[in-house]
Amino acid sequence: MAKVEVNGVGLFYETGGDGDPLVLVHGSWGDHHDWDSVVHGLALRHRVLVYDRRGHSESDRPAGPGSRAEDEEDLAALMETLGFAPAFVVGNSFGASTALGLAARRPELFRAIAVHEPPLLDVVADVPDYRDEVAATRGRIDGVSELLRSGDALAGARAFVDTVAFGPGAWEQFPQELKDTFVANAPTFLDEQGDPHWAALDLEGLRGCAAPALLTRGSESPHWFWAVCERIAGALPGARTQVFEGAGHVPHVTHPERYVEELTAFFAAAE
């Protein structure tokens, strides 16, 4: 366990394993524990870095409005400060958006990149087949934000889990520790939503990233995620797409062994 200051913010991190550097970037609401089920398997072949993004759990929570660009700069600084650059980088959900955003600006930091379901709604906002689905998703996210602005972090967290990310009744299946983490990190989700560019991506900039890329979605997830992956794959020269059959938004949690196998094989081929 350790903490390092980058960009004026103290970030909690842990490292383990030996081999080529691998960085794991978690999504909204959670923290580095999101990767607990896969860290050991990945560390058998890699030197693994996990951390809490700013505003999450053990890392500092600066006051005032933030932006995804700050998370991207944190990731870059963390990799460079701890000697993890260039690295294989894995991101889930908002962490996937963060990794892709950084890759568009700092491609030299990436040996390869694997992302699962970045919620980049702006990327497919102009696709007629997904316009209604994207609008409905934005409406549900806005509903979560309204609850959080009212001060009801518990209701907001429950609404996000049940109506946006996992489906009805999922909140009740969460262990209490995970519920507590979601509630504690709820203010940061609201802060993320205040960034007008949280769902956008510089696709032209991404064309300059030659690193091999794996873009995945779960077969049980909303179809607009596939449209996002396809559009990003069209911008990344070395990209391919894949579906995790039977999985949803967090295959590293629900299907950890298969997730480790897929990532290990992908990064081995990219070495």
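Fair warning: this is a prediction, and the values are worked out from it, not measured in the lab.
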Looking at CD of Glu262 and CD of Gln242, how far apart are the two atoms once the value is rounded to the nearest 0.5 Å? 4.0 Å
Mind listing the closest non-hydrogen atom pair of Ala186 and Ala153 along with its distance? CB-CB, 3.9 Å
Which residue, Val90, Val50, Thr264, forms the side-chain contact (heavy atoms from CB on, under 4.5 Å) with Leu42? Thr264
State whether a side-chain donor-acceptor pair under 3.5 Å links Ser67 with His197. no
According to a hydrophobic-cluster definition based on side-chain heavy atoms being under 4.5 Å apart (Ile, Leu, Val, Met, Phe, Trp, Tyr only), do Val48 and Ile113 belong together? no
Quick one: do Leu214 and Phe110 end up in the same hydrophobic cluster if we chain Ile, Leu, Val, Met, Phe, Trp and Tyr together by side-chain heavy atoms under 4.5 Å apart? no
Shortest non-hydrogen contact from Ala270 toward Ala112: CB-CB, 4.0 Å
Hey, could you give me the CZ/OH distance between Phe225 and Tyr130, rounded to the nearest 0.5 Å? 12.5 Å
Out of Asp74, Asp71, Asp31, which residue meets the salt bridge (Lys or Arg N to Asp or Glu O under 4.0 Å) rule with Arg54? Asp74
So, for Glu117 and Gly248, which heavy atoms are closest and what is the spacing to 0.1 Å? OE2-O, 3.7 Å
Between Arg149 and Glu146, does the salt bridge (Lys or Arg N to Asp or Glu O under 4.0 Å) criterion hold? Intermediate values first, please. CA-CA 5 Å; Arg149 277 192 288 270; Glu146 284 297 321; 2.6 Å; yes
What orientation do His26 and His56 show, parallel under 30°, tilted 30 to 60°, or perpendicular over 60°? perpendicular
Which pair of non-hydrogen atoms, one from Pro118 and one from Leu100, has the smallest distance, and what is that distance? CG-CD1, 3.9 Å
How about Trp35 and His252: are their ring centroids closer than 6.0 Å? yes
Shared hydrophobic cluster, Leu49 / Phe94 (ILVMFWY, side-chain heavy atoms < 4.5 Å): yes
Arg106 pairs by salt bridge (Lys or Arg N to Asp or Glu O under 4.0 Å) with which of Glu80, Glu73, Glu72? Glu80
Using a 4.5 Å cut-off on heavy atoms from C-beta on, say whether the side chain of Arg68 contacts that of Thr98. yes
Please verify the inter-ring angle class for Phe174 with Phe166; under 30° counts as parallel, over 60° as perpendicular, anything in between as tilted. perpendicular
Do Val124 and Ile141 sit in one hydrophobic cluster, given that two such residues count as connected whenever their side-chain heavy atoms are within less than 4.5 Å of each other, even indirectly? yes
ILVMFWY cluster, Phe267 and Phe84 together (side-chain gap under 4.5 Å): no
What's the shortest heavy-atom distance between Val260 and Gly41, and which atoms? CG1-C, 3.9 Å
Ring centroid separation His255 to Phe244 under 6.0 Å: no
Note, Cys209 side chain near Leu236 side chain (heavy atom, < 4.5 Å): yes
Show the nearest heavy-atom pair for residues Ser57 and Asn185, with the distance to one decimal. N-OD1, 2.9 Å
